[in-house]
Amino acid sequence: MTEPPIDEVIAAIAVDIPDFPEPGVVFRDLTPVFADAGAFRRVVEAIAGSVLEDPRVGALGAGPGDRGFDVVAGVEARGFLLASAVALAAGTGVVPVRKAGKLPRARVSADYALEYGTATLELHTDSVAPGQRVLLVDDVLATGGTLEAAAGLVEQVGGIVTAISVVVELPALGGRERLRPHTVHTLWTT
Ligand SMILES: O=P(O)(O)OC[C@H]1O[C@H](OP(=O)(O)OP(=O)(O)O)[C@H](O)[C@@H]1O
Ligand SMILES: Nc1ncnc2[nH]cnc12
């Protein structure tokens, strides 16, 4: 039996919440997508294979037996739900990009603004080896402030951001443009 396209699966399950967490923001709640076993499996497998589907797959170092990344990095908190599952599916390890004050050892930090506030992200300096290829994962790409900060941290410790993969992209907020020249893979654009 043919499975429906992944964007249709996500769109049918995700829930839009107007004016959350503040007036004017339409919050895209993906928790029902992650709670649905079939949808979660599809999402995780699609992200784990996202670099292999890139037309520049060869240039990114992907090919038989190589998905094009050596480790998955996820952004706290919702990115964690995806990143560890993607890493398990891909056979790699997983690295947390955490909100400020949670990482105990030597770290780099970046302040940033997102669609509804400001925050600070941190990464252990030794969590990515120099030259290691990193797939950076999160649930939502809105303004791109969060993923721009996370990508900068990965690069600051010597990693190569081979691609950025998200479940949903809100193109009206310009995140993709902000993340150039990084490659951005999205499962659902709305
Ligand atoms: O593209 P941007 O405008 O930067 O917004 C996207 C970010 O916003 C959300 O995280 P949030 O900071 O709400 O944290 P959470 O995962 O802890 O809920 C989301 O999970 C992304 O990380
Ligand atoms: N509109 C939105 N919905 C869910 N998460 C978000 N993070 C930033 N903007 C968001």
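As the structure lists them, so they are numbered: ligands from 1, and atoms in each ligand from 1.
Nearest protein heavy-atom neighbour of atom 6 (C) of ligand 1: V140 O, 3.4 Å. Nearest protein neighbour of atom 4 (O) of ligand 1, counting heavy atoms only, is T146 OG1, 2.6 Å. For atom 21 (C) of ligand 1, the closest heavy atom belonging to the protein is D138 OD2, 3.2 Å. Scanning the protein heavy atoms around atom 3 (N) of ligand 2, the nearest turns out to be R28 N, 2.8 Å. The nearest protein atom to atom 13 (O) of ligand 1, hydrogens excluded, is given as Y116 OH, 2.6 Å; this is a heavy-atom distance. Regarding atom 18 (O) of ligand 1, its nearest protein heavy-atom neighbour is R78 NE, 2.9 Å. Of the protein's heavy atoms, Y116 CE2, 3.5 Å lies nearest to atom 8 (C) of ligand 2. At the top of the distance list for atom 3 (O) of ligand 1, counting protein heavy atoms only, stands T143 OG1, 2.6 Å.
Backbone and side-chain nitrogen or oxygen atoms of L114 are examined, and none is located within less than 3.5 angstrom of a nitrogen or oxygen of ligand 1. Residue G144 has at least one N or O atom closer than 3.5 Å to an N or O atom of ligand 1. The N/O atoms of A77, backbone and side chain alike, include one that comes under 3.5 Å of an N/O atom in ligand 1. For a threshold of 3.5 Å applied to N or O pairs, the pair formed by Y112 and ligand 1 contains no separation below that value.
Atoms CG and CD1, on L30 and I10 in that order, are 7.5 Å from each other to the nearest 0.5 Å. Taken from OG in S50 to CD in E45, the straight-line distance is 12.5 Å, to the nearest 0.5 Å. Rounding to the nearest 0.5 angstrom, the gap separating the CZ atom in R178 from the OG1 atom in T146 is 8.5 Å.
Close contacts of ligand 2 with A142, meaning ligand atoms under 4.0 Å from a residue heavy atom, involve 8 (C), 9 (N). Of all the atoms in ligand 2, the ones that sit under 4.0 Å from a non-hydrogen atom of R78 are 4 (C), 5 (N). Set against the non-hydrogen atoms of V26, the atoms of ligand 2 under 4.0 Å away are 1 (N), 2 (C), 3 (N). Listed by atom number, the atoms of ligand 2 under 4.0 Å from E115 heavy atoms are 1 (N), 2 (C), 8 (C), 9 (N), 10 (C). Near E76, with a cut-off below 4.0 Å to any heavy atom, the atoms of ligand 1 are 16 (O). If you number the atoms of ligand 1 from 1 as listed, the ones under 4.0 Å from a heavy atom of E115 come out as 3 (O).
Under a 3.5 Å cut-off, the side chain of T143 and the backbone N or O of G145 do form a donor-acceptor pair. Under the 3.5 Å distance criterion, the side-chain polar atoms of Q156 are left unmatched by any main-chain donor or acceptor of L153. Counting only distance, with no hydrogens or angles, the side chain of T162 and the backbone of G68 share a donor-acceptor pair below 3.5 Å. Between the side chain of D70 and the backbone N or O of R133, at least one donor-acceptor pair lies under 3.5 Å.
Y116 approaches F27 most closely through the heavy-atom pair OH-CE1, 3.7 Å. The minimum heavy-atom distance between G144 and L179, with the atom names listed, is O-CD2, 3.9 Å.
E76 and R98 are joined by a salt bridge, as a carboxylate oxygen and a charged side-chain nitrogen come within less than 4.0 angstrom of each other. Taking a cutoff of 4.0 Å between a charged side-chain nitrogen and a carboxylate oxygen, E122 and K102 do not qualify as a salt bridge. Taking the charged nitrogens against the carboxylate oxygens, E115 and R28 have no contact shorter than 4.0 Å, which rules out a salt bridge. The pair D138-R78 fails the salt-bridge criterion, with no side-chain N (NZ, NE, NH1 or NH2) lying under 4.0 Å from an Asp/Glu carboxylate O.
Contacts between D139 and ligand 1 below 4.0 angstrom, taking non-hydrogen atoms only, involve the side chain exclusively. Here K99 has side-chain heavy atoms under 4.0 Å from ligand 1, and that is the only part of it that gets that close.
Using 4.0 Å as the threshold, E148 has no heavy atom nearer than that to any atom of ligand 1.
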